[in-house]
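Step one of this worksheet: look at the structure below.
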Amino acid sequence: MLGRGMLKGLWVTLQHTISSFTSGPRRFPKRYLDGPVPRPEPSTQGMLTLQYPFEKYEMWPRFRGVLVHLRDPETGQSRCTACMACVRACPHGVLTVTGEGKGRERRAKTYTYELGRCIFCRLCVESCRFDAIEMGQEYEFVSTTQDQTLNLEEMLALGDRSGIKHTGEAWGQVE
Amino acid sequence: MAKAIFILVSLVTLVSAIGVVALPKVLHAALALVFALIGVGALYALLGAGYLAVVQVMIYVGAISVLIILAIMVSQRSMEDSQLQAFVPHRAVTAVVAGLLFVVLAGVSIGAAWPVVETAVPPDTIARLGEAFAGRYLLPFEVASVVLLVSLVGAVYVAREP
Amino acid sequence: MGFLDALPLTVMDWLRGLLGQGLPAWGVELVVGLIKVVLILVVAILPVIVLTWLERKVLARGQDRFGPNLAGPYGLVVAFADAIKILTKEDIIPQAADRQVFRFAPALVLIPTLLVFTVVPMGRGMIAADLNVGILFAVAIGSLAVIAIIAATWSSGNKYSLLSMFRSVAQLVSYELPMAFSVLTVVLVSGGLSTVRIVEAQVIPFALVMPIAAVTYFLASLAEANRSPFDLLLGESEIVAGHNLEYSGMRFAMFYIGEYAHIFVIGALTTTLFLGGYQGPILPGYMWFLIKTMAVVYVVLWIRCTWPRMRIDQLLDFSWKLLVPLNLANLMLVALVFKLAGTGLLGSLLSLVVNVGLLVAVGTFLVRRARSSTSRRTRALVLGEV
Amino acid sequence: MAFISEPRSLDTETVTINLGPHHPSTHGIFRLLATLDGETVVDVQPKMGYLHRGIEKIMEQRTYIQSIPLVDRLDYVCPLTNEHAFCHAVEKLAGLQVPERAEYIRVIMAELTRIMSHMLAVGFLWNELGATFTPMIYAYRQREFIFDIFEMATGARMFTNYMRPGGVAVDLPEGWMDLAVKVTDNLERFFDEFETLTAENEIFLARTIDIGVLPADLAINCSLSGPVLRASGVPYDVRVAEPYSVYDRFQWEVPTRPHGDTYDRYLQYLAEMRQSLSIVRQAMAALPDGPVMDEKARRLRPPKGEAYARIESPKGDLGFFIVSEGGAEPYRCRVRSTAQINLTALRQMVIGHTLQDLVVIFGSLNCTVADIDR
């Protein structure tokens, strides 16, 4: 009404400008590399920006990052039995598994994971009955090529780093 | 130094003026016209007629040239290089008319006495100008404004949606 | 006039004396003139460097972001990063372009903006050329910008640019009128066209004496500089940056510099005309000039942060149907007031009263008319009913 | 005039310009062929297919569960409602019973998605009006908080892959409710602030009122749905007209606006966000305990047959038509995508308005280009 609405808009942006100095992370370089940053409380004003390469959010336990293999605490090897359930469950066919051995002795010989094509849907983990794979917390997997792949050893190492003990632990599905 | 600036400015003005008639593209000619007019304005400024110079730039460059350019741009086929083709059969006539005009103008300018005023330019030209407009020449000034008003109303009437 | 206030002038005089020993008089003038030119260029270009940073910062802070903060402390050298990026870009000239004009237009963009600085008093006695037609010169030169934009848009040979051109002509030509009227009001009161005289006449800043003219001038200069909410030439959501659409590299940089220099011009001229220029207590004159200019520049950026763009017909309506009549009435009333009451305190107070009265009258008129209107838009705009 | 070789008329010419495929206001790869007379639009032809990904065809080679990540990508602004619609159709086909808790979780998620989508709609509308991103970034800020609670529950921000035929993939994690309550409370504050920023701005009013009027009969004839239809005064909402899930248990209204112009659509989005928030709060308060997945759905092989199910997605009536041959994959899956059908009214809405309005009207229809082309 006769310019009042425009002034009200200016007032809102001025409030935001002021609150960007008074609340939220103020000094930029202060929080470098002090470990993950907690998620901000929901708010309507104040600074929110995450200075990404220098600070990172703490991921939720359920975060679906890069697929990892979990170690069997007894053998120290992957629990994968090359049953191919994950390969069948994958919508994009990013997994290639070959196995060796028969029956209960069957183990995965190679496990190739085409990271560049993965859509992080977690259907493979849902299909796995051997507690072998889980989505880890890693998400920085940018590469310059489309065909970036991970093999079994790399996935096991990633699993160690993620510190996951059981599949579905965070998802309330451990049986 | 003033002489050097004068020579520079009049060179720019003359070159642009030649460009107005010589450039093949109409738009280029129009842009050259802009420079010629700015140059004339600068010459006024050098003569100490600052107000005239500024008004020259404001009205001729800021308004009239814009209108000319706009008219050129929105008219059909004006962008083509071969615009002057239409004039070919009449080139002789054009040359004769232009030549005659040149002779007349040259004769007048050579024959004129070009009297030089010895008194210096008064510093308060604008104030005097203002006083002249608001005092001695008030009536012509107001009549001119009425003419402008009439033309404004006429323009609005013409531009009005039927 | 304190020591600090006069410092730049003292330095200049000392330089003049120093040169006078070795050079003839015209040589001294030439060198001093050149120094002035360089100073003006610095004054015009340095704000561009600051403003590219400031605009991003202001926008970012209004949007709860940091803005540039990696290039140097607080991202201050981001303008240099920009410069490197722009200068290393390929210079593309489209095939449909009119090559000569296309090359020539960017240079034309910058010149008028730079020329305006010659008549801006940046401190006590700090003016490159105190023309007796100073402010008229600024207005006239401002009208040259449209030529540059026309040349750039037309020579690009692009349909979006063409649309931008039609908009620009309509917009720039229409907004010269209310701008001239508001300037005229100032000239009337200060009794001269010289910018220094206008500044000296402002014992009380003219923004407080005639707010209508001040706001009009500010809005009209926003339109002249193609700033939001009048940034129709750019219109990045529909005509994709219009007039500089086809430009790249250094040629684009000229538009870029011209745009930011123009923001500074808005600030400088508004300060000169309405905010008392370099006048102010305690601090030296040039500091006051800078502070006031930057305050106006902040408002320009703040508005960009908040308001959407107007439509071209509404923009013209706003100019022709509101600003022009309002300023004509204002001009007449203010002239009458100052004729009757003199230019002293009484006149200023009366002028303020008349201005407010005029605004109230216009508001009442609009409300009256809207009450009987059936147009939903009018009712919403004036009465706030939706 | 003898100089001019032929007489020329003073008729004006129209200009045809390509808005797109790459254009800042088409949010994706979409091409509008606009014919302009000066600034006035005289004709518009949408050229679709630049973002066609063949999702319907790909789904024929994927199992039902594998299709869920795909339907997420149909309209990536509101993935969870896409999942909801798809799962609804599969459940109808396979005769699955969704547990009550799962239904409530679905409603919470779907309504949060609706808020998210509407927020972007109004934010981008302002962007197309020429505001320099400010309202959009405020909307994005709130969207981040909603993404946070999505990510906490499902593991991903956008492509959640959360709903399954017969329920939802997993139960909500501990502490989710507390965070969700905070987020919803904050949304309330955000709506107020956003309204202060935008709703009364005179430039906005002038730019949107009486612009792009969509009469109710045209909207119905074009089979439009969703907020666009309701802003034209038709109180049609699939959640009420054909109640699915547990929507019949909540107290809420179907807001409508009478005029059908761009400003009404904007107000419609704001009103619907508030209604959705109310539904979310009621659902969170009434969330029952129990399983979240129908056990029959573990090995999903629907019987031979076909089913069509629809829900009210943020953009309107979103339907999936699935034909099963009895296998693990659908024989045919057809999406009734809202964006494509809502776009059909664009031409009638923009003709006679200016180019600037064209962009705004297109923005107010809130079409996701990915959903137009699929």
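Throughout, protein chains are lettered first and strands after them, A, B, ... in sequence-line order, and every chain is numbered starting at 1.
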(message) Below 4.5 Å, heavy-atom pairs only: which of D:Arg164, D:Glu174, D:Arg157, D:Gln61 has the largest tally toward chain A?
(response) D:Arg164
(request) For chain D, find which of A:Gly9, A:Pro91, A:Pro61, A:Pro40 contributes the most heavy-atom pairs closer than 4.5 angstrom. (result) A:Pro91
(message) Keeping D:Arg62 on the side-chain end and A:His92 on the backbone end, is there a donor-acceptor pair under 3.5 Å?
(response) no
(request) Over all heavy atoms of both residues, which pair between D:Arg189 and A:Pro42 is shortest? Give the atoms and the distance, please. (result) NH2-O, 4.0 Å
(message) When you compare the side chain of D:Tyr138 with that of A:Val12, does any pair of heavy atoms fall below 4.5 Å?
(response) yes
(message) Could you check whether any side-chain heavy atom of A:Arg39 comes within less than 4.5 Å of a side-chain heavy atom of D:Leu179, counting everything from C-beta outward?
(response) no
(request) Can you run down the ring-ring contact (aromatic ring centres under 6.0 Å, His included) pairs that involve residues 152-191 of chain D, sequence neighbours left out, and say none if there aren't any? (result) D:Phe190-D:Phe194
(request) Just grab all the salt bridge (charged side-chain N to carboxylate O under 4.0 Å, His left out) pairs involving residues 129-140 of chain D, residues at least two apart or on different chains. (result) none
(request) Inspect the surroundings of CZ in A:Arg161 and state if more than 12 heavy atoms from other residues, nucleotides or ligands are less than 6.0 Å away. (result) no
(request) Could you tell me which residues satisfy side-chain contact (heavy atoms from CB on, under 4.5 Å) with A:Ala157, sequence neighbours excluded, listed by chain and number? (result) none
(message) Strictly less than 4.5 Å between heavy atoms, which residues of residues 144-154 of chain D line up against chain A? Please order them by number.
(response) D:Phe145, D:Asp148, D:Glu151, D:Met152, D:Ala153, D:Thr154
(message) Tell me whether A:Tyr139 at atom OH has more than 12 heavy atoms from other residues, nucleotides or ligands lying less than 6.0 Å away.
(response) yes
(request) Would you mind checking which part of A:Met59 comes under 4.5 Å of any heavy atom in chain D, side chain (CB onward), backbone (N, CA, C, O), both or neither? (result) side chain
(request) Select one option (side chain, backbone, both, neither) describing which atoms of D:Ala169 are under 4.5 Å from chain A's heavy atoms. (result) both
(request) Can you measure from NZ (A:Lys8) to CD (D:Glu202) and round to the nearest 0.5 angstrom? (result) 9.5 Å
(message) Between D:Gln142 (side chain only) and A:Ser43 (backbone N and O only), is there a donor and an acceptor less than 3.5 Å apart?
(response) yes
(message) For a 4.5 angstrom cut-off between non-hydrogen side-chain atoms, does A:Glu41 reach D:Asn186?
(response) no
(message) Taking every non-hydrogen pair under 4.5 Å, which of A:Leu10, A:Thr44, A:Thr13 racks up the most with chain D?
(response) A:Thr44
(request) Go through D:Leu70, D:Thr134, D:Thr160 and name the one with the most non-hydrogen pairs under 4.5 angstrom from chain A. (result) D:Thr160
(request) Tell me, for D:Ile58 versus chain A, whether the close heavy atoms (under 4.5 Å) come from the side chain, the backbone, both or neither. (result) neither
(request) Tell me, yes or no, whether the heavy-atom count around D:Arg301 atom CZ, taken from other residues, nucleotides or ligands under 6.0 Å, exceeds 12. (result) no
(message) Looking only at side-chain N and O atoms, does A:Gln45 offer a donor or acceptor that is under 3.5 Å from a partner on D:Glu193?
(response) yes
(message) For the interface with chain D, which of A:Arg122, A:Glu126, A:Gln15, A:Arg88 has the highest count of heavy-atom pairs at distances below 4.5 Å?
(response) A:Glu126
(request) Say whether, by atom type as modelled, one donor and one acceptor occur between the side chain of D:Asn161 and the main chain of A:Cys121 under 3.5 angstrom. (result) yes
(message) Please find the pair of heavy atoms, one from A:Gly46 and one from D:Arg141, that lie closest to each other, and give the distance.
(response) O-NH1, 2.7 Å
(message) With rounding to the nearest 0.5 angstrom, report the CD1 to CG distance, D:Ile137 to A:Leu48.
(response) 11.0 Å
